[in-house]
Amino acid sequence: MKPPQAASADAASRPAGMSGAAPTGGLLRRLDPTLESILELARWAPSGDNTQPWRFELLDARRLVVHGHDTRDHCVYDLDGHPSQISIGALLETMAIAASTVELATRITPHADAPPHRPTLTVEFIDQPGLAPDPLAAHIITRSVQRLPLSRRPLTASEKAALTATLPAGYTVCWLEGRQRTAAAGLMFRNAKLRLTMPEAHQVHQAVIEWNARHSADRMPDRALGVDRFTAKMMRWVMHDWRRVEFFNTWLAGTVAPRLQMDLIPGLACAAHFVLAAPIRPHRTGDYLAAGRAMQRFWLTATALGLQLQPEMTPLIFSRYVRDGRVFSGTRGMQERAAILAHDGERLVGKAAWDRAVFMGRIGAGPPAQARSLRRPLADLIIAP
């Protein structure tokens with residue numbers, strides 16, 4: 001899984017109007033210990049490019065407001081903010097799972113007057129003695145993205161059943177195995193050329209990669225990208241300037257090594273690719289929040305089974321651009337190329353599932369990632385009223 005360069009990943013992901021809202025140490029010291037324990041787990045929810053598009057406004061010991069935001073204004077991948085909304089849904093599910101460990105049920109109330117690019121929700125934790133802790137809580141922090149090759153061992157029937165059973169009613173999983181796995185790897189390889197040859201994606205990549213890093217609190221460390229050290233160094237030098245990118249892509253096949261290492265080889269080295277489809281085609285913010293909750297349970301269940309996962313969202317995103325007739329790049333030929341890829345994805349999965357798809361990824365047995373994105377400290381995520 002930013003041409004003017006974004007000033008920094010921190011500035012790019014900060015909600016407008018919140019630049020001066022960082023909490024004082026005193027505010028954090030007054031945080032209720034139970035609520036703090038919930039939020040310390042909740043902040044490990046996944047988000048695209050580790051943007052963490054949420055901030056917490058504390059109301060009292062059992063209530064808070066989640067202020068969501070998206071990156072649609074500067075990130076070509078965040079179409080209408082839907083990927084960010086999926087991330088916020090994952091946060092809400094993680095909150096509910098964490099709260100169950102201290103016998104608290106969760107009530108979530110969306111703010112109907114919040115604009116689409118600022119999803120806002122009040123979350124209340126309610127005492128429920130005897131509430132069984134959700135076993136997925138033990139895997140919240142260990143869940144991570146694994147971009148390296150995985151085992152090609154097929155998923156067992158029990159693994160598939162456990163993954164399917166964790167989804168809400170109406171959600172389905174389309175498994176792409178065997179020849180379909182090969183076709184999915186090819187789709188990812190071709191799709192990668194699209195995103196590596198357009199300036200709109202280049203500025204995103206500049207902002208979200210932290211170089212010479214194994215871990216990153218607010219971006220993706222380069223050692224987690226799945227490429228060797230030489231390719232990483234080459235990528236860093238080339239990506240510094242769009243003119244270098246154009247030259248390498250035109251004359252030196254500059255996208256081949258990254259696409260082989262980040263897309264084709266991992267796409268072949270896994271148990272399967274998969275697509276999660278919602279009951280109906282999503283179109284409202286609430287639909288994407290629900291999709292994020294389903295995705296997080298699926299991912300945590302995979303972690304509990306000893307399986308690793310890597311999101312593969314860009315084919316779905318560019319397919320939506322094509323379906324809605326939206327122009328995403330000023331570069332000639334990009335729309336036509338995306339249309340071909342959208343057709344390939346629909347043919348691979350089936351029109352009905354592709355139309356309702358909310359998440360795509362690859363999965364397989366293997367060790368957890370040693371290099372990974374971390375999270376901002378909780379103090380940085382709490383805002384004053």
message = Taking Lys233 first and then Asp228, would you say they form a salt bridge - that is, a charged N and a carboxylate O separated by under 4.0 Å?
response = no
query = For Lys193, does the NZ atom sit with more than 12 other heavy atoms under 6.0 Å from it, leaving out its own atoms?
reply = no
note = Of all heavy-atom pairs linking Asp355 and Arg320, the shortest is O-NH2, 3.9 Å
key: Pairing residues for Asp60 by the salt bridge (Lys or Arg N to Asp or Glu O under 4.0 Å) criterion, not counting sequence neighbours   = Arg63
inquiry  = Quick check for you: to the nearest 0.5 Å, what is the distance between Arg281 atom CZ and Arg323 atom CZ?
reply    = 4.0 Å
ask   = Do you know the tightest heavy-atom contact between Leu58 and Leu31?
value = CD1-CD1, 3.3 Å
query = Going from SG on Cys270 to CG on Leu148, what distance comes out if it is rounded to the nearest 0.5 angstrom?
reply = 13.0 Å
ask   = Between Asp380 and Arg55, does at least one N-O distance fall below 4.0 Å, as a salt bridge requires?
value = no
inquiry  = Under 4.5 Å between side-chain heavy atoms, counting indirect links through other Ile/Leu/Val/Met/Phe/Trp/Tyr residues: same cluster for Leu196 and Val208 or not?
reply    = no
query = Between Trp44 and Arg143, is there a cation-pi geometry (under 6.0 Å to ring centre, at most 45° from the normal)?
reply = no
ask   = Is the shortest distance from a Lys or Arg side-chain nitrogen in Lys160 or Glu177 to a carboxylate oxygen in the other one below 4.0 Å?
value = yes
request  = Could you list the residues that satisfy ring-ring contact (aromatic ring centres under 6.0 Å, His included) with His82, not counting sequence neighbours?
outcome  = Tyr288
request  = Taking the six-membered ring of Phe125 (Phe, Tyr or Trp), confirm whether the NZ or CZ of Arg62 is under 6.0 Å from its centre and within 45° of its axis.
outcome  = no
message = Please find the pair of heavy atoms, one from Val245 and one from Met239, that lie closest to each other, and give the distance.
response = CG2-CA, 4.1 Å
query = Once you round to the nearest 0.5 Å, how far does CG of Leu121 lie from CE of Met95?
reply = 9.0 Å
ask   = Quick one: do Ile97 and Leu305 end up in the same hydrophobic cluster if we chain Ile, Leu, Val, Met, Phe, Trp and Tyr together by side-chain heavy atoms under 4.5 Å apart?
value = no
remark   = side-chain hydrogen bond (donor to acceptor under 3.5 Å, both in side chains) filter on Gln128, not counting sequence neighbours, yields none
